[in-house]
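Just so it is clear, the model here is predicted, and its values are computed rather than measured. All values below come from the heavy atoms of this structure, side chains included, with hydrogens, waters and symmetry mates left out.
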Amino acid sequence: LSLGNLGAASVSIQALSNSGARSVRFVSPEAGVSRTEGNAPWAFLGNSGSVFTPWKPTAKTYTVTATGYSGPGASGTAGQSITVTIHVTP
């Protein structure tokens, strides 16, 4: 992910679920993020309606894992986790 080529200093990440998840847990140790979203759209750093909180990553490699849950607050049955690796360059 080249922030210079994007012409932006921030990005947003959204998880999509087709399994009827009631909450989604995001974890990224490198970004210092471990949080649960309780309502769709499932946003990495939260949102207000369709406006996502921007993430301003520095140049390095990050992993982001999203896991959907059948209950609120990351409770109930966990769905399959999806992990992406993001290489950020200036």
Side-chain angles (χ1 to χ4, degrees):
L1 174 66
S2 173
L3 296 177
N5 286 343
L6 285 176
S10 65
V11 294
S12 297
I13 299 173
Q14 178 181 10
L16 302 174
S17 171
N18 61 2
S19 65
R22 293 191 55 210
S23 61
V24 172
R25 182 94 178 139
F26 289 95
V27 177
S28 176
E30 301 82 7
V33 173
S34 180
R35 63 178 309 276
T36 301
E37 272 281 82
N39 297 300
W42 317 110
F44 178 58
L45 294 182
N47 60 292
S48 177
S50 62
V51 178
F52 287 47
T53 302
W55 176 40
K56 298 178 181 179
T58 57
K60 68 181 195 178
T61 299
Y62 300 85
T63 57
V64 178
T65 301
T67 307
Y69 288 85
S70 62
S75 67
T77 303
Q80 179 180 352
S81 294
I82 303 293
T83 299
V84 295
T85 301
I86 303 167
H87 305 282
V88 177
T89 60

Asks: Grouping I, L, V, M, F, W and Y whenever their side-chain heavy atoms are under 4.5 Å apart, do Leu3 and Leu45 come out in a common cluster?
Replies: yes
Asks: Which heavy atom of Lys60 sits nearest a heavy atom of Glu30, and at what distance?
Replies: NZ-O, 3.4 Å
Asks: Between CZ of Phe44 and CZ of Arg35, what distance do you get to the nearest 0.5 Å?
Replies: 9.0 Å
Asks: Taking all atoms of both residues into account, what is the closest heavy-atom pair of Pro54 and Ser12, and its distance?
Replies: CA-OG, 4.2 Å
Asks: Are Tyr62 and Val33 connected into the same hydrophobic cluster when the rule is that any two of I, L, V, M, F, W, Y join if their side-chain heavy atoms are below 4.5 Å apart?
Replies: yes
Asks: Please name the pair of heavy atoms, one in Ser10 and one in Lys56, separated by the smallest distance, quoted to 0.1 Å.
Replies: CB-CG, 3.6 Å
Asks: Please check: side-chain N/O of Thr36 versus main-chain N/O of Arg25, any donor-acceptor pairing under 3.5 Å?
Replies: no
Asks: Has the side chain of Ser28 got a donor or acceptor atom that lies under 3.5 Å from a matching backbone atom of Thr63?
Replies: yes
Asks: Tell me the closest heavy-atom pair linking Arg22 and Pro72, and the distance in Å.
Replies: NH1-CD, 3.6 Å
Asks: Side-chain donor-acceptor contacts of residues 76-90 below 3.5 Å, not counting sequence neighbours, with atom names and distances?
Replies:
from	atom 1	to	atom 2	distance (Å)
Ser81	OG	Thr67	OG1	2.5
Thr83	OG1	Thr65	OG1	2.8
His87	ND1	Thr61	OG1	2.9

Asks: Taking only residues two or more places apart in sequence, or in another chain, which ones meet Gln14 in a side chain to side chain contact (heavy atoms under 4.5 Å, CB included)?
Replies: Leu16, Pro41, Phe52
Asks: Same hydrophobic cluster for Trp55 and Val24, using side-chain heavy-atom links shorter than 4.5 Å among ILVMFWY?
Replies: yes
Asks: State yes or no: do Val51 and Phe26 share one hydrophobic cluster built from I, L, V, M, F, W and Y residues joined by side-chain heavy-atom distances below 4.5 Å, directly or via other members?
Replies: no
Asks: Could you pull out the closest heavy-atom pair between Gly68 and Ala21, with the gap in Å?
Replies: CA-CB, 4.2 Å
Asks: To check you understand the geometry: which heavy-atom pair defines the closest contact between Gly38 and Trp42, and what is its length?
Replies: C-CZ3, 3.7 Å
